[in-house]
**Student:** 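Have a look at the structure that comes next, please.
Just so we're on the same page: letters track the sequence lines, and every chain starts at 1.
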Protein chains: 2
Amino acid sequence: MTSFLYTAAKEKIISLIESNEISMDQRLPSERALAQKLGFTRMTIKKALNSLVDDHVLIRHPGDGTYLLHGKHSGRIDAGDDAPWSLTQTIKIKGGVPNSEIKSFKLVYDVPMLTKIFPDFTEFYELIRIRKFDDIVFSIQKAYIPFRLFEDAHRYDFSKISLYDYLSYKNMRPALFHRKIRTCPVTSDSLFKNFNVGPSKLVLSVEYLGYTKPDCLVEYTQSYFDSNQVDFKVEIPYSFK
Amino acid sequence: MTSFLYTAAKEKIISLIESNEISMDQRLPSERALAQKLGFTRMTIKKALNSLVDDHVLIRHPGDGTYLLHGKHSGRIDAGDDAPWSLTQTIKIKGGVPNSEIKSFKLVYDVPMLTKIFPDFTEFYELIRIRKFDDIVFSIQKAYIPFRLFEDAHRYDFSKISLYDYLSYKNMRPALFHRKIRTCPVTSDSLFKNFNVGPSKLVLSVEYLGYTKPDCLVEYTQSYFDSNQVDFKVEIPYSFK
DNA sequence: TAGTGGTCTAGACCACAGC
DNA sequence: CTGTGGTCTAGACCACTAA
């Protein structure tokens, strides 16, 4: 979908990792070695490797080498809607079994909540997904994107391709996020039956508004997380006067 | 402290921003213009600018330009111990008034909790800080670093220089983190008087273990956050078999 | 000492946004 | 069409790590 050399290099490096040619806790080949082996410039390989560092797949030490980010203290995957790398891919490389199940994908009209959020649109695609890590449901997500901006969305299989890869392909990948987090009790909504928690348990609710620019809202997502399965990074929200 | 060209470029660009030569919602000069104006290569300027993007200071749009990351939906600062950029600097650029007050900085010995965490060390520097954003206390932090690794730490003023800049300078900046998050009631600890919350309120407690490598622990921090003031990014922790 | 990743240069071409 | 940022090359030097 993207057609940069460093993306191609990235995929070849991932293949190396997945095919177990690099064993755990072992150094990856050096930038120079990979450049020669895979047929790219050193700078292109560097870009690919550092991109995998951003994705929490690798870790690099100057003067030493590049390593798989493994071990007890390294396991941490961004699970938010603004995660940099396809969650499915990341889980796979980490040795987990990913499983994204689509519960529903359809057009919805005249939903008051949505018209309030998106004053300029009336029709939306609604994508409801169950996300698993090693067969444990950690998240239920309802994503909404305006039909007018993504008329061809029905042609893609979002159990296979990440929603964000699709938005990137349409040059609509959100860069700014407005988030609201709160805890809420498990409701009787049948969706929550997927969570392995009793009705008295608290579930974490996160709302994402994704903007490509400050004035260009392209996505609204409601995510519910099993608070036993996820963790958080602390941030300070503020509103600029 | 760091002496790379792109760091120098970064600081000059920050000066430009702070001196209001770039007004809000206005484009920054192009990479090529900055390169000529500041006397660096375009690639060096690019590195500086993209580094400021990582720090949530700027946002860039291909084919368009580079902008200050402002506006209602853009305000979000990483407040964790693993935040990429000095919190003080970021708050300042965002138009806020930073205020990091040092409550205590001293050597501590034979603390059972610490010897359990750091089996190889017995003496530690303890740094207790109150962190504010626009005069509102959002966090209280107790940081511990082994004396043997940072013997000259007493020579630095951590109200002016970020602890992480210091660790970077010693080539000991943590890259891996082990975090534990929980909510706890406000205790009678006099430190909590700094929070503007009643005794029945819940405070967010986050523990960070910072490693330079999977086997090299260099920092332990206990942070307490006013849950009214901070927000979170969702992640999936996992332990590799 | 040999090898690593990080930085840096001075060019080049490209896709894209705005006018 | 002009200007933007992104990618890419083919070199170079540096500081650091580990043997």
**Student:** Grab the CD-C1' distance between E31(B) and dG3(D) for me, whole Å please.
**Tutor:**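 One finds 12 Å between C1' of dG3(D) and CD of E31(B), rounded.
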**Student:** Please examine the side chains of I14(B) and L52(B), heavy atoms only from C-beta on, and report whether any two atoms are closer than 4.5 Å.
**Tutor:**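 Yes - at least one pair of side-chain heavy atoms lies under 4.5 Å apart.
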**Student:** Quick one: label Y6(B) by what it contacts on the DNA or RNA (base, sugar-phosphate, nothing), any heavy atom closer than 4.0 Å.
**Tutor:**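 The residue Y6(B) makes sugar-phosphate contact but no base contact.
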**Student:** side-chain contact (heavy atoms from CB on, under 4.5 Å) for L16(A) and K37(A)? Distances and angles first, verdict last.
**Tutor:** CA-CA 11 Å; L16(A) 277 183; K37(A) 186 175 181 180; 4.1 Å; yes
**Student:** Could you state the atom-to-atom distance from CG of L28(B) to C1' of dT4(D) in whole Å?
**Tutor:**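 After rounding, the gap between these two atoms is 13 Å.
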**Student:** Taking the side chain as C-beta and beyond, is there a heavy-atom pair between L49(A) and L28(A) under 4.5 Å?
**Tutor:**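 Side chain of L49(A) against side chain of L28(A), heavy atoms only: contact under 4.5 Å found.
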**Student:** F158(A) and ring-ring contact (aromatic ring centres under 6.0 Å, His included): which single residue from F150(A), F105(A), Y125(A) fits?
**Tutor:**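 With F158(A) as partner, F150(A), F105(A), Y125(A) yield a single ring-ring contact (aromatic ring centres under 6.0 Å, His included), made by F105(A).
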**Student:** With a non-hydrogen cut-off below 4.0 angstrom, is K46(A) in contact with a base, only sugar-phosphate, or nothing?
**Tutor:**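 The residue K46(A) makes base contact.
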**Student:** Just the rounded figure in Å: distance from P of dA19(D) to NE2 of H61(A).
**Tutor:**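 After rounding, the reported distance stands at 14 Å.
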**Student:** Per the ring-ring contact (aromatic ring centres under 6.0 Å, His included) rule, which among Y144(A), Y220(A), F124(A) passes with F118(A)?
**Tutor:**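 One option only clears the test, and that one is F124(A).
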**Student:** Please identify the 5'-most and 3'-most nucleotides of DNA chain C with any atom under 4.0 angstrom from a heavy atom of chain A.
**Tutor:**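 First-to-last contact on DNA chain C, by the 4.0 Å heavy-atom rule, is dG3(C) to dG18(C).
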**Student:** Just the rounded figure in Å: distance from C1' of dT2(D) to CZ of R32(B).
**Tutor:**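 Rounded to whole Å, this separation is 11 Å.
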**Student:** Whole-Å distance between dG5(D) P and F4(A) CZ?
**Tutor:**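 Interatomic distance, CZ of F4(A) to P of dG5(D): 16 Å.
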**Student:** If you draw a 6.0 Å radius around CD in Q36(B), do more than 12 non-hydrogen atoms from other residues or ligands fall strictly inside?
**Tutor:**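 No - once you tally the heavy atoms of other residues, nucleotides and ligands closer than 6.0 Å, there are 12 at most.
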**Student:** Has S30(B) got a side-chain N or O lying under 4.0 Å from the OP1 or OP2 atom of dT4(D)?
**Tutor:**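 Yes, because at least one side-chain N or O of S30(B) sits under 4.0 Å from OP1 or OP2 of dT4(D).
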**Student:** How do P62(A) and K47(A) order along DNA chain D: which one's closest nucleotide is nearer the 5' end?
**Tutor:**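 Closest to the 5' end, via its nearest nucleotide, is K47(A).
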**Student:** Which sits closer to the 5' end of DNA chain C, N50(A) or G63(A), going by the nucleotide each is nearest to?
**Tutor:**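 This one resolves to G63(A).
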